[in-house]
Amino acid sequence: MIYIIQTIVIYSLTYSIAVMGLSLVVGYSQIFVLSQAAVFGVGSFTYAVMSSRNITSDLLIVIPVAIVIGGLLSLVTGLPLFRLGGDYYIVASLAFQYVIIQGLVNWTSVSGGPPGLFGFSSPSILGWNINSNMDFIYVLVPILVLALGSLLWVRRMPYGRALVAMADDEAALAAGGVKADSLRVGVFVLAGTLAAVAGVLFTSFLNVASPGDYGISESILMISMVLVGGSRSLIGPFIGALFLSSLPYWLNLVNWSVYMTGVVTGVLLLLVAFFLPDGVAGLATSWAHRRRIHGQSRQAPSVEPSLGGQS
Amino acid sequence: MTAEKALVFSRAGHVSHSAGRDGGASRLVARGLFKRFGSQEVIAGFDHDLEPGVVTGLVGPNGAGKTTIFNLLSGGLKPDSGTVTFADQDVTGKPMHVVSRMGLGRSFQDVRVFPALDCLDNCALYAQTVRETSLVRTLLMPRSTARLSGVSRQVATEAVEFVGLGSKKDNLAGSLSYADQKLLAIARLLAIGATTLLLDEPASGLDRRGVEKLMEVIRRLRDEGRTILLIEHNLDVVREMCQKVLFLDRGRVLAEGTPDDVFARTELAELYFGA
């Protein structure tokens, strides 16, 4: 039992890191990205290749390498954002998803082809071998805190203020001297680097990397985590990751087939789309907001504007 | 004076100091602007020099092309022919975010404040520099970013106070009255350091008190030597504020002169009021 709980924690922490940046992309840039799993996969293979070729398994080296590779890849795949507005980018990102994963599948000498790579040495940090589940949690928590801290920092600084403004009105933002496209590409690259870091952690834990695991369905799962949790709050993706990454376990608990995961995810997405546009975290925010309004006297009815994005 | 304070001082100067008095620095010149949308000729030859320190009114019936002229002047919309020069630089069709940083600010007919940001942040956003808005700097040079952000907030505070919204600076812009939102829209232009302000119907939808407040702000801006071009349907405001009026109809300037001269011409009044 404790083993299952630990595994659930590891999965949800890893996926939280992977989709955390995506929340800024979806929530503020309002673009849908279906290539997040591909970048996650590239992070995975960065570790797999470096470890299986005995280059190094030290996370302090592999993670920065993955950040550079994931960042550059995101930059290249993000550049079309300058030309393609919102909805059209979905198609472009879908294409990138396919190209990257097919590239990995066919680059057999590096990726090991469709079966991928497996059986590497366990990861380490400065000679400390990370073996047990608890060890992994010790590694994941500070990385998560660091990632969350950076995102909170970005949100508090002028860049984050511009993001909030961009979600409301791009023309008024341009009149203020800020170019929306650059902001978009910025958060997109940030989201990509975090996904690549998560990919390294994921593979170092699972000890296997196979291109098929990072397909389009994985990308949809990742964006579902953001939407179910709530795209305009940073705690939202964490909630989404916790629930959706461990969904197979919960289904197993009630004796449902693991193959029902997709169905349940789909139904959840529909429910969120209809009833909770700001996700589960948005529900909490609006509840707190309503309490505050009721707490105040009735003479201030003008404080009604959408606070959903504030959290 | 420390370097930091000097920075505050020089940037804050945008808000409270005479800005365009030296003339050439912020002169906005339009030459032979033509623009058609499809087969419709919207602007059919617009020539004008905006004189520094002068409030010019752009009037005319709906559909005359007033807002299109704003879009051509403030960037973003490329004319089919003709040029726009600002501060001796060719800015024809340059993107709005570039032109506005040069000191050519514009407001919108439908106000467009950012409802989810408070008043101060609305202005600080316009005051923030390119360096502050860099994601790489935000992450790798947190201290310097925080310092620059503080400077922008100071500039923003001055701008908010200039238009008399100091007591509401922490209120969300979306919760402000329409009149206050309009003032906030002007404050934002001060925050970006606009020496030339294009104001699109600043008085529309305001009651008498709102209009009074607005005129007071515009008057002070003019006295500081800023250049102002305003589109306005409220002819009392035009008469009161503008030293010069351009009467526009179907993309052409039909008349140019002092408000009294222009409004005295009966054929224009007929065009305007559809008599």
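Predicted model only: the values in this text are computed from it and were never measured. Proteins get letters first, then strands, A, B, ... in listed order; numbering begins at 1 in each.
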Side chain, backbone, both or neither: which part of [X] has a heavy atom under 4.5 Å from chain B?
X        : result
A:Ala171 : both
A:Leu183 : side chain
A:Val187 : backbone

Task: Heavy-atom proximity to chain A below 4.5 Å, by part of B:Arg188 - done: side chain
Shortest non-hydrogen contact from [X] to [Y]?
X        : Y        : value
B:Ala116 : A:Val164 : CB-CG1, 4.0 Å
B:Ser149 : A:Met157 : CB-SD, 4.5 Å
A:Asp168 : B:Pro115 : OD2-CD, 3.5 Å
B:Gln128 : A:Ala162 : NE2-CB, 3.9 Å
A:Asp169 : B:Phe114 : O-CE2, 3.5 Å
B:Ser100 : A:Ala175 : CB-O, 3.2 Å

Task: Choice from A:Ala165, A:Ala180, A:Ser150 maximising heavy atom contacts with chain B below 4.5 Å - done: A:Ala165
Please check if atom [atom1] in [X] has more than 12 non-hydrogen atoms from other residues, nucleotides or ligands closer than 6.0 Å.
X        : atom1 : result
A:Phe274 : CZ    : no
A:Arg156 : CZ    : no
B:Tyr178 : OH    : yes

- [ ] Go through B:Gly75, B:Ala146, B:Gly76 and name the one with the most non-hydrogen pairs under 4.5 angstrom from chain A.
- [x] B:Ala146
TODO: Starting at CE of A:Met166, measure out to CG of B:Leu125 and round the result to the nearest 0.5 Å.
DONE: 11.5 Å
- [ ] Hey, could you give me the OG1/CH2 distance between B:Thr145 and A:Trp153, rounded to the nearest 0.5 Å?
- [x] 7.0 Å
- [ ] Tell me, please, which residues at least two apart from A:Val76 pass side chain to side chain contact (heavy atoms under 4.5 Å, CB included).
- [x] none
Open item on the list: The criterion is side chain to side chain contact (heavy atoms under 4.5 Å, CB included); which residues satisfy it with B:Ala173, sequence neighbours excluded?
Closed with: B:Val113, B:Asn122, B:Leu184
Open item on the list: Between A:Leu173 and B:Met96, is there a side-chain heavy-atom distance shorter than 4.5 Å?
Closed with: no
Open item on the list: Sub-4.5 Å heavy-atom contacts with chain A: which residues of residues 133-142 of chain B show up?
Closed with: B:Thr133, B:Ser134, B:Leu135, B:Thr138, B:Leu139, B:Pro142
Task: Under the salt bridge (Lys or Arg N to Asp or Glu O under 4.0 Å) test, residues paired with B:Asp80 that sit two or more places apart - done: B:Lys35
